[in-house]
> 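Please find one structure pasted underneath; my questions will follow.
To find a chain, count down the sequence lines: A is the first, B the second, and so on, and within it residues start at 1. Fair warning: this is a prediction, and the values are worked out from it, not measured in the lab.
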2 protein chains.
Amino acid sequence: MTSALVNKQFRLAARPVGMPKNSDWSVTTEPVRDIVDGEIVVQSIYLSLDPAMRGWMNEGKSYIRPVAINEVMRAGGIGKVVASKSTKFAVGDYVSGATGVQNYWVGAADDKTAAFYKVDPKMAPLPKFMNALGMPGMTAYFGLLDVGMPKAGETVVVSGAAGAVGQTVGQVAKQKGCRVVGIAGGKDKCDFVVNELGFDACIDYKGGSVKDGLKEHCPNGVDIYFDNVGGEILDTVLTRINMKARIIICGAISQYNNTTPVKGPANYLSLLVNRARMEGIVVFDNAARFPEAAAEMGKWMAQGKFQTREDIVQGLDNFPDTLLMLFEGKNFGKLILQVAQE
Amino acid sequence: MTSALVNKQFRLAARPVGMPKNSDWSVTTEPVRDIVDGEIVVQSIYLSLDPAMRGWMNEGKSYIRPVAINEVMRAGGIGKVVASKSTKFAVGDYVSGATGVQNYWVGAADDKTAAFYKVDPKMAPLPKFMNALGMPGMTAYFGLLDVGMPKAGETVVVSGAAGAVGQTVGQVAKQKGCRVVGIAGGKDKCDFVVNELGFDACIDYKGGSVKDGLKEHCPNGVDIYFDNVGGEILDTVLTRINMKARIIICGAISQYNNTTPVKGPANYLSLLVNRARMEGIVVFDNAARFPEAAAEMGKWMAQGKFQTREDIVQGLDNFPDTLLMLFEGKNFGKLILQVAQE
């Protein structure tokens with residue numbers, strides 16, 4: 001019987017205009033229903049807060065369907081199986097999947113949308129499975145290697161360098177022998193990226209000119225730019241790219257809360273001048289190869305060559321405000337909401 | 001002695017702001033100097049007028065150095081050798097190269113910038129060597145095949161469809177078994193593209209909505225977009241691309257005379273949603289393979305499967321006004337200025 005469990009849920013009440021407001025959410029509580037054969041109950045422990053969530057709140061065609069009005073907000077999560085009538089997962093298993101912004105996920109163990117898979121807390125601390133060993137890490141790894149095709153000695157620039165994707169992009173690029181320059185907001189983040197993660201340099205976009213920073217730290221130009229932010233920074237990097245440069249479009253956090261149209265890259269004709277390429281990526285396309293990437297990054301972690309940082313905020317009730325931290329650049333590392341104890 | 005020949009020249013007097021004005025040009029006349037060993041004199045017959053010329057008039061880094069103030073305006077040309085002290089070319093030879101906007105080009109036969117090579121008027125009418133068998137054709141051929149990688153059954157859209165590059169893009173794509181949809185300005189151009197060149201459809205951007213046209217004529221979406229125009233049309237096509245689409249950035253004629261910044265493609269995040277690619281091309285990169293392309297297109301021409309159309313205006317003095325036809329969409333086919341008789 002799981003009906004003694006109370007499930008608090010954040011549902012999308014309205015499609016936000018600009019930055020999400022408290023009134024765009026509704027909070028519901030309901031008892032966890034009893035499960036039938038093949039089903040499980042997963043208690044959320046960690047919820048992954050990601051820039052992409054802002055896109056899911058909009059109507060319209062994208063790489064994934066929008067969250068419907070009154071639907072529980074979509075989120076990746078790591079949780080513990082607390083009830084099971086499935087042979088796939090046992091009570092006590094830790095799983096990763098789309099739990100949603102709620103305390104308990106209930107449904108078929110093989111639900112395609114939730115896409116649960118087991119994670120082993122002995123292999124790495126659970127939050128790492130939301131960072132380098134989870135979607136942000138996979139996004140970084142396959143985007144950089146498959147689209148960026150880095151060669152030793154090339155210069156790689158990554159924006160959102162202290163964020164979940166950026167951390168991994170830069171460290172994978174270092175492993176491949178590249179010069180790596182991050183772009184991040186604030187001295188603390190830049191210091192972390194250089195001193196802890198081993199980037200060659202980091203440009204503080206809040207503290208100075210990105211253009212000057214690129215001139216100083218990329219004396220041989222930019223061969224690969226991994227873009228998480230869009231807007232002015234993308235435009236500035238476009239002025240510094242080399243012949244045959246590769247620009248990986250992973251996201252555009254600067255544009256997600258626009259109430260005006262997205263700012264297109266005015267300097268896109270630099271692609272022509274430099275015979276360069278701009279290409280979009282979506283992590284799900286590489287799902288079959290996630291284990292390969294996790295194994296390689298896990299090995300680097302074990303060798304002490306690869307660090308990641310998480311920014312863990314406590315409490316499901318803090319979901320709306322915590323999400324905003326992403327768009328204000330206030331998180332320092334992969335942003336995670338912890339909603340229960342391990 | 002060639003000093004009896006009078007050479008009239010159009011020189012860049014000022015860098016234009018927006019559309020080039022008459023006062024941006026100066027006209028000079030000078031006698032053709034005597035030549036020394038290794039040199040030739042080429043009399044210009046046809047001058048190629050191309051959108052790219054507008055870019056050459058601006059200061060700043062590009063794929064080719066800007067034309068200097070007071071320098072003779074750069075232009076590709078086809079001419080006749082009228083004096084030669086070189087073993088490379090004989091008097092009476094027809095050559096293609098960067099003659100500039102003037103009656104006579106004088107210099108070393110092996111000048112790297114002019115890059116003269118012989119053309120054979122028995123193989124094709126001389127203006128064809130400025131169209132499908134010249135730079136526009138090579139741009140189209142290699143851009144479409146190398147970057148676009150068309151597969152039979154895919155849908156190819158090309159803007160500037162009645163222009164020099166667009167004509168060839170569409171016809172090469174048809175040879176490769178694609179569905180081909182052009183975008184052009186006006187019913188006459190659209191009729192030509194469909195009825196004479198064999199495109200499957202053509203959208204008249206002056207006569208209706210490009211978005212509606214794409215919905216109607218590309219029921220399976222757009223796999224390849226060959227962009228010559230930029231601006232709103234690029235943005236509209238971005239809303240209709242398929243997964244793994246390829247967008248070839250060849251030019252942006254809608255933006256070349258802007259006095260405001262270039263309009264970047266606001267819908268560029270469609271690249272992300274669709275894991276699509278946008279890549280720039282410059283024709284010179286494929287110079288070694290021009291003969292291969294010319295041979296293939298020449299064969300199609302001989303088989304009656306491949307047409308091209310030129311728009312030939314008479315008289316060197318008409319250069320400033322004729323150039324503007326490009327930016328007003330007034331040319332119908334490859335724009336050529338004839339400055340002497342064959």
> So how far is it from A/D285 CG to B/M243 CE, rounded to the nearest 0.5 Å?
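Answer rounded to 0.5 Å: 5.0 Å.
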
> Answer yes or no: are there more than 12 heavy-atom neighbours, outside A/K263 itself, under 6.0 Å from its atom NZ?
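Yes.
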
> Among the options B/A276, B/P261, B/S62, pick out the one with the most heavy-atom pairs lying under 4.5 Å from chain A.
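Of the candidates given, the most pairs with chain A belong to B/A276.
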
> Which of the residues A/V147, A/I281, A/V273 is involved in the greatest number of heavy-atom pairs with chain B at under 4.5 angstrom?
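Winner by heavy-atom pair count: A/V273.
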
> For the CD atom on B/E59, are there more than 12 heavy atoms of other groups (residues, nucleotides or ligands in this structure) within a distance under 6.0 Å?
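No.
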
> Working to the nearest 0.5 angstrom, can you tell me the gap between B/E279 CD and A/K244 NZ?
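Interatomic distance, B/E279 CD to A/K244 NZ, rounded to 0.5 Å: 6.0 Å.
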
> Heavy-atom distance under 4.5 Å to chain B: side chain of A/N267, backbone, both or neither?
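Looking at A/N267, nothing touches chain B.
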
> Name the region of A/N258, side chain, backbone, both or neither, that has any atom closer than 4.5 Å to a heavy atom of chain B.
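Neither part; nothing is under 4.5 Å.
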
> Quick check for you: to the nearest 0.5 Å, what is the distance between A/I247 atom CD1 and B/Y268 atom OH?
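That separation rounds to 10.0 Å.
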
> Side chain, backbone, both or neither: which part of A/L234 has a non-hydrogen atom closer than 4.5 Å to chain B?
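Side chain only.
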
> Measure the CE-CD1 distance between A/M278 and B/I249 for me, rounded to the nearest 0.5 Å.
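These two atoms lie 9.0 Å from each other.
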
> Name the member of A/T239, A/L271, A/I64 that forms the most heavy-atom pairs with chain B at distances under 4.5 Å.
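Among A/T239, A/L271, A/I64, the one with the most close pairs to chain B is A/L271.
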
> For the candidates B/A252, B/P265, B/G55, B/G251, which exhibits the highest count of non-hydrogen atom pairs separated by less than 4.5 Å from chain A?
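It is B/P265.
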
> For residues A/L272 and B/V282, determine if any side-chain heavy atom of one lies less than 4.5 Å from a side-chain heavy atom of the other.
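A/L272 vs B/V282: side chains touch.
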
